[in-house]
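Step one of this worksheet: look at the structure below.
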Amino acid sequence: GAPKSCSFTPPFWIGHGTTIQEDCSVSSSIIGPNAKILAGATLERSVVWDCCTVTADSDHADAIIYDGGVYKHQSGD
């Protein structure tokens, strides 16, 4: 399981085999199977594709983390 120092706010879904390190925050997000969420990362209303890594101490809101980088929706697009 995830370290006790992490916080999770529903709704969220975490795929099988995912690694979540300490001090992470996950809120209203989907994390695909076998992803890695490194220490201190924050996800809010975001999607992490299968087997992708969220970098340590990163802060993502309204983002898609995929194998080619991070897509972040810009309002007005």
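It should be emphasised that the depicted structure is a prediction, and the values quoted were computed from it without experimental measurement.
- With no hydrogens or angles considered, no side-chain donor-acceptor pair links Thr18 and His16 at under 3.5 Å.
- Here the SG-CD1 distance, from Cys6 to Ile20, works out to 6.5 Å after rounding to the nearest 0.5 Å.
- In this structure, Val54 is not a member of the same hydrophobic cluster as Tyr66, with clusters built from ILVMFWY side-chain heavy atoms closer than 4.5 Å.
- Atom-to-atom distance recorded for Lys72:NZ and His60:NE2 is 8.0 Å, nearest 0.5 angstrom.
- Annotation: side chain of Ile37 is not in contact with side chain of Thr19 (no heavy-atom distance under 4.5 Å).
- Rounding to the nearest 0.5 angstrom, the gap separating the NZ atom in Lys36 from the CD atom in Gln21 is 9.0 Å.
- Looking at Trp49 and Ile65, their side chains never come closer than 4.5 Å, going by heavy atoms from C-beta outward.
- Residues Tyr71 and Val47 are members of one and the same hydrophobic cluster, defined by side-chain heavy-atom contacts under 4.5 angstrom among Ile, Leu, Val, Met, Phe, Trp and Tyr.
- The closest side-chain heavy-atom distance from Val26 to Ile31 is below 4.5 Å.
- For the pair Ser28 (side chain) and Arg45 (backbone), a donor-acceptor distance under 3.5 Å is absent.
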Could you go step by step and tell me if Thr53 and Leu38 meet the side-chain contact (heavy atoms from CB on, under 4.5 Å) rule?
-> CA-CA 7 Å; Thr53 299; Leu38 301 184; 3.8 Å; yes
side-chain hydrogen bond (donor to acceptor under 3.5 Å, both in side chains) between Ser46 and Ser29, worked out = CA-CA 5 Å; Ser46 295; Ser29 295; 4.7 Å; no
Check the pair Phe12, Ile30 against side-chain contact (heavy atoms from CB on, under 4.5 Å), reporting the backbone distance first and the verdict last.
-> CA-CA 6 Å; Phe12 62 87; Ile30 297 170; over 6 Å; no
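- Taking all atoms of both residues into account, the shortest heavy-atom contact from Ala63 to Val70 is CB-CG1, 4.0 Å.
- At a threshold of 4.5 Å between non-hydrogen side-chain atoms, the residues Cys24 and Thr42 do not count as touching.
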